[in-house]
Number of protein chains: 2
Amino acid sequence: MARKKETITIYDVAREAGVSMATVSRVVNGNPNVKPVTRKKVLDTIRRMGYRPNAVARGLASKKTTTVGVVIPDISNAFFAELTRGIEDIATMYHYNIILCNSDLKKEKELQLTEALLEKQVDGLLFLGGEVTEEHREVFSGSHVPIVLAATQDQREERPSVITDQVGSAQEATEVLIREGHERIGFLGGPLTDPIIGYPRYQGYRQALEEAGRALDESQIRLGNYRYDSGYELAMELLKGDAAPTALFGVNDEMAVGAIHAVQDLGKRVPEDVSVIGFDNVPLATQVRPLLSTVAVPMYDIGAVAMRLLTKYMNDETVEQNQVVLQNQLQLRDSTRLQEAE
Amino acid sequence: MARKKETITIYDVAREAGVSMATVSRVVNGNPNVKPVTRKKVLDTIRRMGYRPNAVARGLASKKTTTVGVVIPDISNAFFAELTRGIEDIATMYHYNIILCNSDLKKEKELQLTEALLEKQVDGLLFLGGEVTEEHREVFSGSHVPIVLAATQDQREERPSVITDQVGSAQEATEVLIREGHERIGFLGGPLTDPIIGYPRYQGYRQALEEAGRALDESQIRLGNYRYDSGYELAMELLKGDAAPTALFGVNDEMAVGAIHAVQDLGKRVPEDVSVIGFDNVPLATQVRPLLSTVAVPMYDIGAVAMRLLTKYMNDETVEQNQVVLQNQLQLRDSTRLQEAE
DNA sequence: CTGTTAGCGCTTTCAC
DNA sequence: GTGAAAGCGCTAACAG
């Protein structure tokens, strides 16, 4: 049985087994250059002594920690939780562990966390969700470990990243509403200062109207914080106004579902009276009545692909494509009248 | 500016600043025994050279990694995501980072992950959600780092843990339904072999009926997998049966909301025709119509308190109470007719 | 196939 | 207040 008092080291095992440290190290690391008999002997004493290799020492000596850092806005957000699952699954597959840090999208926190992660000698870093500023670039470039961006990108395009086409998908979503023939299409958005979600999705909405030859009606636009309550209240405002919209585009599902309930609480029906479409396709989208039409974002895949990409960099594999764009998929369900995409 | 080619070490800084490694180490660690002038000089060259302390080397020398391991069933599950947020916030507050691992509640994975985390020399470990078996105890005891359980406990009660009273709360929830005067109260549960959620919540249901002098009607019991779809389908089954229940207790909110929709899809109303109560109080509970009555579990707090408890152990503080029980709170909303607790 | 020997970069006595 | 030196536990040449 394992004694716990003083930690037992590779040296102890070597002595006990009557071999050198190097040999023990070899069997621990699966190096084939060890005679089977020796290997067995070592393995036995390892088990007998309850030896547990010290990964920190190993990390110092080998300059590899088999750990990657993940900077994420907020793990309690369904979108990022799912994305993180994708990251972790692939990380596990390649025998990496992940150090998870919530940034709340605060620049200072992002920088400080990145710095801390780099100090911990992570073999790679996944940076999610925030805007990449000049300061970020500085911190990033102060390190030689590979860094890949997920669900965000450097506007100056010099970092590997995996993203989806937000503008295009937001435009498609809006087009569905336009094709349904609505006069007034309300927009429930996020801060326009948010270059990752808020702005691009707004841009898609605008572009759709524009291409349809419609004027942008400022009074149909409401900006919130991506949360259910915000969607509910903003939709209420719009719906109670003089020129109530008959269709609503929520830039994420939470806001869209809030909008559905606002419509319903006003005694109207979705989609008969008001059509609603969302974005993301989080579980909530199919846990509401009517089922929410939305843009399905491959959250899990974004995480998985980003992590996979990172492993390639960490292994110095050649990567053919460092900026991968995953496809979103329009998912028309019951909160819109149109049931099929063009 | 920081050059990135060869890593710059504490030794380089010392040489450049014309002091010894020890001094640099002191200023980096905020040791007060350094003359202000010297400190400034060192700080300057650190900044100038772009020196970044190597936490791995530090960890090896000091035997502290300021990192804690977290073994969790599934981060993409809203319950655990929120709990993890509590953990991470407190960890950050105490300057720890967390290594996050998903176990999917698989014993083998739990053991293997715990082992890996221990090898990485985490200063402490948070173990969430799974059953603690003899094998777990063995792995746990093979280490001297503090381990605290969150949202689970060792039946043999020898580990620090933070939990809530599941049986009692499940009983309370069921009692609400009983007080509403329902003849048949359906139960939508999880596997009874799950000692953490499935069984205790079932036990609470049973106990409530028992204390009310009611016989347990097996035909009103359906076991699923905690998911929305499972709740929906199982409720459908029950509702379409000969002896359709007029009240449903879902052991978690997802199942309960699934049940609400089953009722609605059958053309009936909640709570007029069928009352529904859930458990957990995840965001979904307030993102559905009618608002779901449920048992509010302090998810964030469970994580936060567990992490706080762990820090105490890591700092060798004396802890007065190592088994903390947090309170759940009955949250009656619109899916039940009763609007106030006893 | 196996052992020897340097470090990896930092903390930590122990002197001065 | 500061420096010298001995490790922390392991990997990685390099011999043999």
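Per chain, numbering begins at 1; letters A, B, ... match sequence-line order. Computation of the quantities below employed the complete heavy-atom set of this structure, encompassing side-chain atoms and omitting hydrogens, waters and symmetry-equivalent molecules. Since the structure is predicted, the reported quantities are computational estimates derived from the model, not experimental observations.
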What are the bounds, 5' to 3', of the part of DNA chain C that sits under 4.0 Å from heavy atoms of chain A? C:dC1 to C:dG9
Under 4.0 Å between a side-chain nitrogen and a carboxylate oxygen: does that hold for B:K41 and B:D44? no
Just checking, is any N or O donor in the side chain of A:K120 or B:T67 under 3.5 Å from an acceptor N or O on the other one? yes
End-to-end axis angle, where each axis spans five pairs of the helix from C:dC1-D:dG16 to C:dC16-D:dG1, to 10°: 30°
So does A:K106 pair up with A:E108, basic N to acidic O under 4.0 Å? no
Just verifying a value: how many Å separate A:N102 CG and A:L113 CG, rounded to the nearest 0.5 Å? 8.5 Å
In residues 22-42 of chain B, what residues come within less than 4.0 Å of DNA chain C, judged by heavy atoms? B:A22, B:S25, B:N29
Can you list every salt bridge (charged side-chain N to carboxylate O under 4.0 Å, His left out) pair that touches residues 78-100 of chain B, not counting sequence neighbours? A:D74-B:R85, A:D104-B:R85, B:R85-B:D89
Any carboxylate oxygen within less than 4.0 angstrom of a Lys/Arg side-chain nitrogen, looking at B:E16 and B:R48? yes
If only side-chain N and O atoms count, and only distance matters, is there a donor-acceptor pair under 3.5 Å linking A:T133 with A:K107? no
So, B:S25 side chain and B:M21 main chain: donor-acceptor pair closer than 3.5 Å or not? no
Start with the C-alpha distance between A:S62 and A:R58, add both sets of side-chain angles, then the distance that settles side chain to side chain contact (heavy atoms under 4.5 Å, CB included), and finish with yes or no. CA-CA 6 Å; A:S62 69; A:R58 180 185 302 194; 4.2 Å; yes
Would you tabulate the pairs of protein nitrogen or oxygen atoms and nucleotide nitrogen or oxygen atoms of nucleotides 7-9 of chain D closer than 3.5 angstrom?
residue : atom : partner : partner atom : Å
D:dC8   : O3'  : B:K63   : NZ           : 3.0
D:dC8   : O2   : B:A61   : N            : 3.2
D:dG9   : OP1  : A:T7    : OG1          : 3.2
D:dG9   : OP1  : B:K63   : NZ           : 2.9
D:dG9   : N2   : A:A57   : O            : 3.3

How long is the line joining NZ of A:K64 and C1' of D:dA12, in whole Å? 13 Å
Strictly distance-based, threshold 3.5 Å: is any side-chain N or O of A:R137 a donor or acceptor partner for the main-chain N or O of A:D154? no
Under 3.5 Å donor-acceptor pairs involving side-chain atoms of residues 121-128 of chain B, not counting sequence neighbours:
residue : atom : partner : partner atom : Å
B:D123  : OD1  : B:T65   : N            : 3.0
B:D123  : OD1  : B:T65   : OG1          : 3.3
B:D123  : OD2  : B:T65   : N            : 3.2
B:D123  : OD2  : B:T66   : N            : 2.6

Are B:I87 and B:I72 close enough that some pair of their side-chain heavy atoms sits under 4.5 Å apart? no
